[in-house]
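Below is one structure, written out as structure tokens; the observations come after it.
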Amino acid sequence: MLDVGRHPNIELLAYSEVENVEGEAGDFKVTVRRKTRYVEEDKCTGCGACAEKCPTVVPDAFNEGLGDRRAIYSYFAQGIPSTHTIDPDHCRQLNGKKCGICAKTCQAEAINFDKEDRIVELNVGAIIVAAGYDVFDPGRIPEYRYNEIPNVVTAIEFERLLSASGPTGGHMDRPSDRAVVAEIEALEKKVRKSQKALDKLEEKFNEPSAAFYKKFQAGQYQDDEDRQKWADKYAAHLAVIEPLEELKKKAAGFTVAKRLAFIQCVGSRDFRFYPFCSGYCCMHSIKEAMIAHEHEPETTSSIFGMDIRAVGKGFEEYKIRGGNNSNITYVRGRVAEITEGPNNNPIVTYEDTRERKVKSQEFDMVVLATACAPIKGIAALAKTVGVELDKYNFIKTSSLSPVDTTTPGIFVCGCAESPMDVPESVAQASSAAERAAEIAFQPELEKEKAVA
Amino acid sequence: MTKDVLVIGGGIAGMQASLDLGDMGIKVHLVEKLPSIGGKMAQLDKTFPTNDCAI
Ligand SMILES: Cc1cc2nc3c(=O)[nH]c(=O)nc-3n(C[C@H](O)[C@H](O)[C@H](O)COP(=O)(O)OP(=O)(O)OC[C@H]3O[C@@H](n4cnc5c(N)ncnc54)[C@H](O)[C@@H]3O)c2cc1C
Ligand code: SF4
């Protein structure tokens, strides 16, 4: 990533989109919209002082909504470029409210609320489409209850939980437990505020609230308006403290998730959605189970799948190593349903196809190995660029020219072409680069030919 | 004169293609929709089959 940012021959146009493509192989005219970040790119040092002060809290997409960011943000800490961006959907100032705190904080004077989108025209010989994939939305499979059971998560969410720089600092804290902890924090804030107000009243009347409240309830001070207000405040305070204590008791019993289930082929090899195998998900489930075990040696994982597809250099050995060293059990069977049991524990009901029995098992957390789906904007992008899509909406290629699209001079690589893992994406990228280079060097070659 | 190349998408595939072209002396314009490049791989904790860190 750093190498791309620093490379003298690479012009990075981040936070931008291609709006129009005209021409043909060797001579394409491309229009790119550089969306405004409302931040001057040449001034922003990426220090992050603005984000510390910004009062607007927004779910963080990089962390799959498991953490928060501010309305002014860097996409992730090591992101290239490190330039901050103001999210126009959430920023107070840009939505007609009074704010501008970031602009007051920024010592580099980089914030510019009037900055507009810019249009850039490019002339290129070839185009490579590498727009990637989307994670399949498991909410489309109602029997897995992804939207209802908090401790059923997707594999990409689980990656963020495993990450030391993620929202849990790499601890396997369960989403249901994190929600309770967040509620405790919110209630504690409320209690601190009401305690402050009560402190003032106690000082004014020179009496502890509890003692006063007893007398008030016994019928004293009925006509005293100020004391009436004090009593109301104290009652409201108590109404928060009781549930807070309950939640705290509950939270004292929380531990990290140690019994994990991984459900394979969620949306893949499923005729309701995608009949194809996404290729990488068996491997990433094994990886995630291994890393969870590294973080917490008591972790046990069950991987539920029709079969484990470990096709690649060193993959089968990796699978066996996981089974031997990381407490992973491979269960052959398809999961029929996930329900919620006591303590927010997901219960997995499946057919064990080896024993030919329907079984149920309780876990702390369930991870869904979601399919590799075409990106949402793929139809629009294909139309803009001028290439055809295949029946699944990946970019159409043929088996003997796997990086050539239906249009000469336009190539494709990575998951925009079909589901594939990182080593395959990299190999395809080098092939696409090579095909594009043939066109980019064409004028030079022709010149040489003419000279000869 | 060598022609420039446009790469759409700054995930691992787009980054690799850009680096290869750049190293060949070809000027690349890398267009990424999001505020930073890296794609899905930047979100991964580690990658199989070596369990190396993703970024
Ligand atoms: C949970 C999980 C774990 C995984 N773990 C591994 C692993 O350990 N090892 C491994 O080899 N593989 C793993 N994979 C697979 C890996 O994520 C993919 O192989 C790889 O990310 C594909 O790279 P890509 O560049 O094709 O796509 P992406 O990473 O999706 O990159 C595409 C980029 O294009 C951008 N883009 C999209 N549309 C546009 C547009 N219209 N204009 C401009 N830019 C656009 C996107 O914002 C993105 O930055 C995992 C996948 C998942 C889901
Ligand atoms: S890689 Fe494994 S989990 Fe993914 S679709 Fe193929 S068989 Fe299913």
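Values below: all heavy atoms of this structure, side chains included; hydrogens, waters and symmetry mates excluded.
- Checking side-chain atoms of K3(B) against main-chain N and O of G26(A) turns up a donor-acceptor pair under 3.5 Å.
- Of the two parts of A61(A), only the backbone, made up of N, CA, C and O, holds a non-hydrogen atom closer than 4.5 Å to a non-hydrogen atom of chain B.
- Around the CD atom of E121(A), the shell of radius 6.0 Å holds more than 12 heavy atoms that belong to other residues, nucleotides or ligands.
- When P49(B), G38(B), G39(B) are compared by the number of non-hydrogen pairs under 4.5 Å with chain A, P49(B) comes out ahead.
- Ranked by heavy-atom pairs under 4.5 Å with chain B, the list I291(A), I410(A), I439(A) is led by I291(A).
- Side-chain contact between Y318(A) and N51(B) is present, with at least one heavy-atom pair separated by less than 4.5 Å.
- Annotation: maximal heavy-atom pairing with chain B below 4.5 Å, among I375(A), L162(A), N63(A), L381(A), occurs at L162(A).
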*Hey, mind stepping through D45(B) and E288(A) against side-chain contact (heavy atoms from CB on, under 4.5 Å) and telling me if it holds?*
CA-CA 9 Å; D45(B) 180 43; E288(A) 292 183 351; over 6 Å; no
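- Across A429(A) and A13(B), no two heavy atoms sit closer than the pair CB-O, 3.2 Å.
- Only the backbone of K313(A) comes within less than 4.5 Å of a heavy atom of chain B; no side-chain atom from C-beta onward does.
- Only the side chain of V32(A) comes within less than 4.5 Å of a heavy atom in chain B; its backbone stays farther off.
- Between the side chain of E11(A) and the backbone N or O of H29(B) there is no donor-acceptor pair closer than 3.5 Å.
- Most heavy-atom pairs under 4.5 Å with chain A: of the set V31(B), T47(B), V7(B), T50(B), this distinction falls to V31(B).
- Side-chain contact between I128(A) and I8(B): absent, with no pair of heavy atoms (C-beta onward) separated by less than 4.5 Å.
- Heavy atoms only, all atoms of each residue included: S36(B) and F76(A) are closest at CB-CE2, 4.1 Å.
- Both the backbone and the side chain of E17(A) come within contact range of chain B, each with at least one heavy atom under 4.5 Å from a heavy atom of that chain.
- Heavy-atom distances place no part of R33(A) under 4.5 Å from chain B, backbone and side chain included.
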*What do the steps show when you test Q43(B) against E64(A) for side chain to side chain donor-acceptor pair (under 3.5 Å), and what is the final call?*
CA-CA 9 Å; Q43(B) 288 179 279; E64(A) 298 293 329; 2.8 Å; yes
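- Heavy-atom pairs under 4.5 Å with chain B peak, among F315(A), Y73(A), Y133(A), at Y133(A).
- Counting heavy atoms from C-beta outward, Q16(B) and S430(A) have side chains that approach closer than 4.5 Å.
- The NZ atom of K40(B) lies 12.0 Å from the CD atom of E159(A); values are rounded to the nearest 0.5 Å.
- Each of V30(A), L2(A), V124(A) has some count of heavy-atom pairs under 4.5 Å with chain B, and the biggest count is that of V124(A).
- Contact count versus chain B (heavy atoms, under 4.5 Å) is highest, among M420(A), Q442(A), R160(A), R34(A), for R160(A).
- Atom-to-atom distance recorded for Y75(A):OH and L34(B):CG is 4.5 Å, nearest 0.5 angstrom.
- One N or O on the side chain of R37(A) and one on the backbone of P35(B) form a donor-acceptor pair closer than 3.5 Å.
- No side-chain heavy atom of M290(A) sits less than 4.5 Å from a side-chain heavy atom of F48(B).
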*Test side-chain contact (heavy atoms from CB on, under 4.5 Å) applied to I12(B) and S425(A), step by step*: CA-CA 7 Å; I12(B) 184 64; S425(A) 299; 4.2 Å; yes
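- The residue among I10(A), I156(A), L161(A) with the most heavy atom pairs within less than 4.5 Å of chain B is I10(A).
- Side-chain contact between L6(B) and V18(A) is present, with heavy atoms from C-beta onward closer than 4.5 Å.
- If you measure heavy-atom distances from A437(A) to chain B, the contacts under 4.5 Å come from both the backbone and the side chain.
- Electrostatic pairing of E294(A) and K46(B) counts as a salt bridge here, judged by a charged N lying under 4.0 Å from a carboxylate O.
- Heavy-atom distances place the side chain of L122(A), and not its backbone, under 4.5 Å from chain B.
- In this structure, no portion of A310(A) lies under 4.5 Å from any heavy atom of chain B.
- Proximity to chain B (any heavy atom under 4.5 Å) is restricted, for V385(A), to the side chain, taken from C-beta onward.
- Nearest approach of V5(B) to A440(A), heavy atoms of both residues: CG2-CB, 4.1 Å.
- Within the 4.5 Å cutoff, the side chain of L19(B) has heavy atoms near those of the H7(A) side chain.
- Residue E24(A) places its CD atom among 12 or fewer non-hydrogen atoms of other residues, nucleotides or ligands, all under 6.0 Å distant.
- Side chains of V28(B) and N9(A) form no contact here, defined as non-hydrogen atoms less than 4.5 Å apart.
- Side-chain atoms of L13(A) and L30(B), non-hydrogen and from C-beta on, never get closer than 4.5 Å to each other.
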